[in-house]
Peer 1: 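Below you will find the structure I want to go over with you.
These numbers were taken from a predicted model, which means no experiment stands behind them. Quick note: residue numbers are just sequence positions, from 1.
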Amino acid sequence: MKRVSLTPAVFHLSDKVNQVAATYGNQPIVPRGPALKPILDRLRKSIVEQLEVHDSHEAVVITSSGSGAIAAAVGSCIDDNGILVIANDVYGHRQADFCRQLGIRTVTYELDPGVRPDIEEIEKLVNKSQVKTIGMVHGCTSVGLLNPVSEVGKLCQKLGLRLIVDAIASVYVEEIDINAWSIDTLICSTNKGLHSNPDLAFCVIKKDYLEEMSGRSGRIPYLDLAKTWLAQQNGSHPYTINIRALLEFEAAFDDFMERGGLNGRIKMYKDRLAILRSGYEKLGLKTFLKEGMPQQNIGTALFLPDGVSYEELAENLANWNNGDDECYEIYSAQGELSGKVFRVFNMGEYTLETYERFVKALGITLEKLSS
Ligand SMILES: *Cc1c(COP(=O)(O)O)cnc(C)c1O
């Protein structure tokens, strides 16, 4: 039975990526040896070239899942004036929580889940608090919506502020214009839009910011981005880096580029969404939407119909068995939306027919549960 993952964390990957783990053990690569440098150089260059920021920004790679890169970014980038974090989803709150736990002066602009932040309000909060950095999330995975990063970026440019953006759910799947949006630090991971394993994360950081950060120590010793950058410029890493995961990153990146790069990935997701979202509409499901907040490409947040609990819906789909040799894992909502909303993501290596079969399974399951 194939368990189709309709989650954003772990899902089936391409043969190219899976092949790495199958063969790596035959010839492991020593992390401090000469074989590391060409791999790291190539990857760091590919990252900034694909994002079209090779002149202005540098990539720093760490061994962690996405949240480790959030910790590394807030622990390394923010000066003593502190940060204003826009918290309108679970990950904005996570960013603010990480800052506070690190003893960083943290002002939060809290909104209900998915509500569009107001630029004038942000300006007021900045003027009042005198912070020199804004932190926010681009793709808000907990609500399925996109934050207006370009507008916040314009404000940052006007006020001379640094901008840190969690793009874990949007890099490689949404348009991001790092320079036009005045982004100083872009937080990314390899396991979402890139379709690799959750072992590596990276930050794409403006060069003058890295130089500024090199003059002080980061707040988390292991996740000090300036220190890591200095080592990676020479093709090295301060600690043991996961080289098997670097090779998987490379394989996933090559696969991404061969299949049309960002445009190819967006089209692949849009084709899936056309099946899924028209299916939801036919089933009478209501989508979680907020004014001025476009939907993410990676998935959709939907309200649970009256009388249907997330647990029974998820359990029925996980135990789905109608002879197709396929069952489905959906995702609960997080925080205050759990109990009201469920989420379906369209990431990973699956055929369009898989999504057609899922829509049918969802319809039959909902009918059974609400009767
Ligand atoms: C998934 C996600 C994270 C967390 O990444 P992990 O790999 O689970 O640590 C952070 N921010 C956003 C926007 C995400 O979608």
Side-chain angles (χ1 to χ4, degrees), residues 57-111 117 122 125-126 128-142 147 149 152 156 159-169 171 182-189 198-232 237-241 334-335:
H57 290 65
E58 294 231 11
V60 182
V61 184
I62 55 173
T63 300
S64 80
S65 76
S67 302
I70 300 174
V74 301
S76 305
C77 299
I78 304 164
D79 68 14
D80 290 340
N81 296 294
I83 186 169
L84 170 74
V85 180
I86 300 168
N88 60 346
D89 80 320
V90 165
Y91 296 104
H93 284 282
R94 182 175 298 178
Q95 205 180 107
D97 289 345
F98 280 17
C99 290
R100 269 191 222 99
Q101 194 172 336
L102 288 169
I104 295 166
R105 183 168 172 258
T106 309
V107 181
T108 42
Y109 173 26
E110 281 189 47
L111 296 130
I122 297 171
L125 287 167
V126 168
K128 200 169 142 219
S129 62
Q130 292 296 305
V131 296
K132 298 280 182 276
T133 308
I134 290 183
M136 70 185 300
V137 177
H138 183 212
C140 303
T141 313
S142 64
N147 260 329
V149 178
V152 177
C156 289
L159 302 178
L161 306 172
R162 295 288 189 181
L163 178 58
I164 299 174
V165 177
D166 172 351
I168 292 170
V171 70
S182 296
I183 298 172
D184 293 288
T185 299
L186 193 78
I187 304 169
C188 309
S189 78
D199 299 301
L200 290 175
F202 59 98
C203 290
V204 176
I205 308 168
K206 200 149 184 211
K207 285 180 194 170
D208 73 326
Y209 206 13
L210 277 165
E211 269 149 28
E212 181 192 315
M213 282 152 54
S214 303
R216 55 174 191 256
S217 11
R219 294 174 182 85
I220 311 174
Y222 185 72
L223 298 175
D224 187 328
L225 290 175
K227 186 176 173 181
T228 308
W229 171 59
L230 292 173
Q232 290 188 351
H237 189 73
Y239 314 101
T240 303
I241 195 164
Q334 297 153 289

Peer 1: Indicate yes or no for a side-chain donor-acceptor contact from Thr141 to the backbone of Ala169 under 3.5 Å, with no hydrogens or angles considered.
Peer 2: no
Peer 1: Can you measure from CG (Leu125) to CD (Gln130) and round to the nearest 0.5 angstrom?
Peer 2: 12.0 Å
Peer 1: Does Ile122 reach the side chain of Pro117, with side-chain heavy atoms less than 4.5 Å apart?
Peer 2: yes
Peer 1: Locate the shortest heavy-atom distance separating Ser65 from Ala201; write the atom from each residue and the value.
Peer 2: O-CB, 3.6 Å
Peer 1: Is His237 close to Thr228 at the side-chain level, that is, under 4.5 Å between some pair of heavy atoms?
Peer 2: yes
Peer 1: How about NZ on Lys132, more than 12 heavy atoms from neighbouring residues, nucleotides or ligands closer than 6.0 Å, or not?
Peer 2: yes
Peer 1: If every non-hydrogen atom of Ala71 is compared with every non-hydrogen atom of Leu223, which pair is closest and at what distance?
Peer 2: CB-CD1, 4.1 Å
Peer 1: Counting only N and O atoms by type, is there a donor-acceptor contact under 3.5 Å from the side chain of Asn147 to the main-chain atoms of Val137?
Peer 2: yes
Peer 1: Keeping Asn88 on the side-chain end and Leu111 on the backbone end, is there a donor-acceptor pair under 3.5 Å?
Peer 2: no
Peer 1: What residue pairs, at least two apart or across chains, pass side chain to side chain donor-acceptor pair (under 3.5 Å) with a residue in residues 73-86?
Peer 2: Asp79-Asn81
Peer 1: Please enumerate all residues that pass side chain to side chain donor-acceptor pair (under 3.5 Å) together with Asp89, with sequence neighbours excluded.
Peer 2: none
Peer 1: With respect to Thr106, which candidate in Leu84, Val131, Val85 satisfies the side-chain contact (heavy atoms from CB on, under 4.5 Å) definition?
Peer 2: Val85
Peer 1: What I'd like to find out is whether the side chain of Tyr209 reaches to under 4.5 Å of the side chain of Thr185, using heavy atoms alone.
Peer 2: yes
Peer 1: As an exercise, state the distance from SG of Cys203 to CG of Asp184, rounded to the nearest 0.5 Å.
Peer 2: 12.0 Å
Peer 1: At what distance, to the nearest 0.5 angstrom, does OG of Ser189 lie from CG of Asp199?
Peer 2: 10.5 Å
Peer 1: Could you give the distance from CD1 (Ile86) to CG (Asp166), rounded to the nearest 0.5 Å?
Peer 2: 12.5 Å
Peer 1: Looking at CD1 of Ile134 and CD1 of Ile164, how far apart are the two atoms once the value is rounded to the nearest 0.5 Å?
Peer 2: 10.5 Å
Peer 1: Please name all residues satisfying ring-ring contact (aromatic ring centres under 6.0 Å, His included) with His57, sequence neighbours left out, ordered by chain then number.
Peer 2: none
Peer 1: Give the table of side-chain donor-acceptor pairs shorter than 3.5 Å for residues 94-104, with sequence neighbours excluded, one pair per line with atom names and distance.
Peer 2:
from	atom 1	to	atom 2	distance (Å)
Arg94	NH1	Ser67	OG	2.8
Gln95	OE1	Met136	N	3.4
Gln95	NE2	Met136	O	3.4
Asp97	OD1	Arg100	NH1	3.3

Peer 1: Using the ring-ring contact (aromatic ring centres under 6.0 Å, His included) criterion, which residues pair with Tyr91? Sequence neighbours excluded.
Peer 2: none
Peer 1: Evaluate the side-chain proximity of Thr240 to Thr63: yes if any heavy-atom separation is below 4.5 Å, no if none is.
Peer 2: no
Peer 1: If I take atom CG from residue Leu161 and atom OG from residue Ser182, how far apart are they, to the nearest 0.5 angstrom?
Peer 2: 10.0 Å
Peer 1: Any idea which heavy atoms bring Gln334 and Ser142 closest together, and the distance?
Peer 2: OE1-CB, 3.0 Å
Peer 1: Using salt bridge (charged side-chain N to carboxylate O under 4.0 Å, His left out) as the criterion, list what pairs up with Glu212, not counting sequence neighbours.
Peer 2: Arg162, Arg216
Peer 1: Nearest heavy-atom pair of Asp224 and Gly218: which atoms, and what distance?
Peer 2: OD2-N, 2.9 Å
Peer 1: Side chain to side chain contact (heavy atoms under 4.5 Å, CB included), that's the test. Do Lys207 and Trp229 meet it? Break it down for me.
Peer 2: CA-CA 10 Å; Lys207 285 180 194 170; Trp229 171 59; 5.6 Å; no
Peer 1: On a heavy-atom basis, which atom in Ser129 and which in Val107 lie closest, and how many Å separate them?
Peer 2: CB-CG2, 3.8 Å
Peer 1: Can you see which heavy atom on Ile78 is nearest to which on Arg219, and at what distance?
Peer 2: O-NH2, 2.9 Å
Peer 1: Using side-chain heavy atoms (C-beta onward) and a distance below 4.5 Å, is Leu163 in contact with Val149?
Peer 2: yes
